[in-house]
Amino acid sequence: MNEFSDYHSSLPNEDLVSIAYFDKRKTKKEARLSAKSVLQKRAVSTYQIEVLKKTIRERKQEERKRKLKDKNEKYGLLDFILDVFLLS
């Protein structure tokens, strides 16, 4: 856990919350535990953690919406016609 704690001590609280509570498949368990312990050492309250979680969730939702919008903008009339004729 030492290998992570040195790095985590330099990160802002929002990044630590993201590591500790999100993207569980992308981060190692040791990294998540290290991030949580650094948050504890900084005496970050559970209320502050919940606020940061909410902020991160909202940002991720906005990113998803933006990606879908970008995807839909690339889907034009020609693509629709090709899909209709190819799927028929």
Side-chain angles (χ1 to χ4, degrees):
M1 203 153 66
N2 250 349
E3 62 186 87
F4 297 111
S5 62
D6 293 337
Y7 173 68
H8 289 160
S9 62
S10 66
L11 293 176
N13 290 343
E14 187 172 345
D15 291 342
L16 291 174
V17 170
S18 180
I19 291 169
Y21 298 101
F22 296 95
D23 300 329
K24 291 187 177 184
R25 293 181 184 175
K26 293 181 183 178
T27 57
K28 292 183 177 183
K29 182 177 180 180
E30 294 85 14
R32 291 193 309 270
L33 292 175
S34 172
K36 287 179 183 180
S37 70
V38 171
L39 286 169
Q40 259 184 341
K41 288 178 187 174
R42 292 183 182 176
V44 178
S45 69
T46 55
Y47 175 76
Q48 290 172 323
I49 290 174
E50 291 301 319
V51 168
L52 289 171
K53 281 181 176 180
K54 183 179 178 185
T55 304
I56 293 169
R57 282 188 194 107
E58 288 172 354
R59 186 177 308 129
K60 287 185 179 240
Q61 279 183 335
E62 289 173 10
E63 287 176 19
R64 285 186 198 125
K65 287 178 184 178
R66 184 180 41 82
K67 285 180 183 178
L68 284 174
K69 183 179 177 185
D70 290 346
K71 182 179 177 182
N72 287 338
E73 286 178 359
K74 293 177 185 175
Y75 190 79
L77 181 62
L78 181 61
D79 296 320
F80 174 75
I81 293 170
L82 289 174
D83 284 346
V84 169
F85 287 117
L86 292 176
L87 293 177
S88 298

Margin query: Can you tell me if Y7 has over 12 outside heavy atoms packed within less than 6.0 Å of its OH?
Written below: no
When rounded to the nearest 0.5 Å, the distance separating OG of S45 from CG of L39 is 10.5 Å
By salt bridge (charged side-chain N to carboxylate O under 4.0 Å, His left out), K28 pairs with (sequence neighbours left out) none
Residues R32 and A20: closest non-hydrogen pair is CD-O, 3.7 Å
**Asked** Would you say V38 and L11 make side-chain contact, with heavy atoms under 4.5 Å?
**Response** no
Single-linkage hydrophobic cluster L16~F22, side-chain heavy atoms < 4.5 angstrom: yes
### Query
With a 4.5 Å heavy-atom cut-off, do Y21 and I49 have their side chains touching?
yes
Taken in chain and number order and not counting sequence neighbours, the residues that satisfy salt bridge (charged side-chain N to carboxylate O under 4.0 Å, His left out) with R57 are none
*For A31, does its backbone N or O pair with a side-chain atom of S34 as donor and acceptor, under 3.5 Å?*
no
Evaluate the side chain to side chain contact (heavy atoms under 4.5 Å, CB included) criterion for residues E62 and K65: first the C-alpha distance (whole Å), next the side-chain angles of each, then the deciding distance (0.1 Å), finally the verdict. CA-CA 5 Å; E62 289 173 10; K65 287 178 184 178; 5.7 Å; no
Check against side chain to side chain contact (heavy atoms under 4.5 Å, CB included), H8 and K41: CA-CA 11 Å; H8 289 160; K41 288 178 187 174; over 6 Å; no
Item to complete: Look only at the side chain of T55 and the backbone of V51, and say whether a donor-acceptor pair between them is shorter than 3.5 Å.
Response: yes
*asked:* Check this for me, if you would: do E50 and K53 make a salt bridge, where the nitrogen-to-carboxylate-oxygen distance has to be below 4.0 angstrom?
replied: yes
| Between E63 and R66, is any pair of side-chain heavy atoms under 4.5 Å apart? | yes
message = When you compare the side chain of R42 with that of Q48, does any pair of heavy atoms fall below 4.5 Å?
response = no
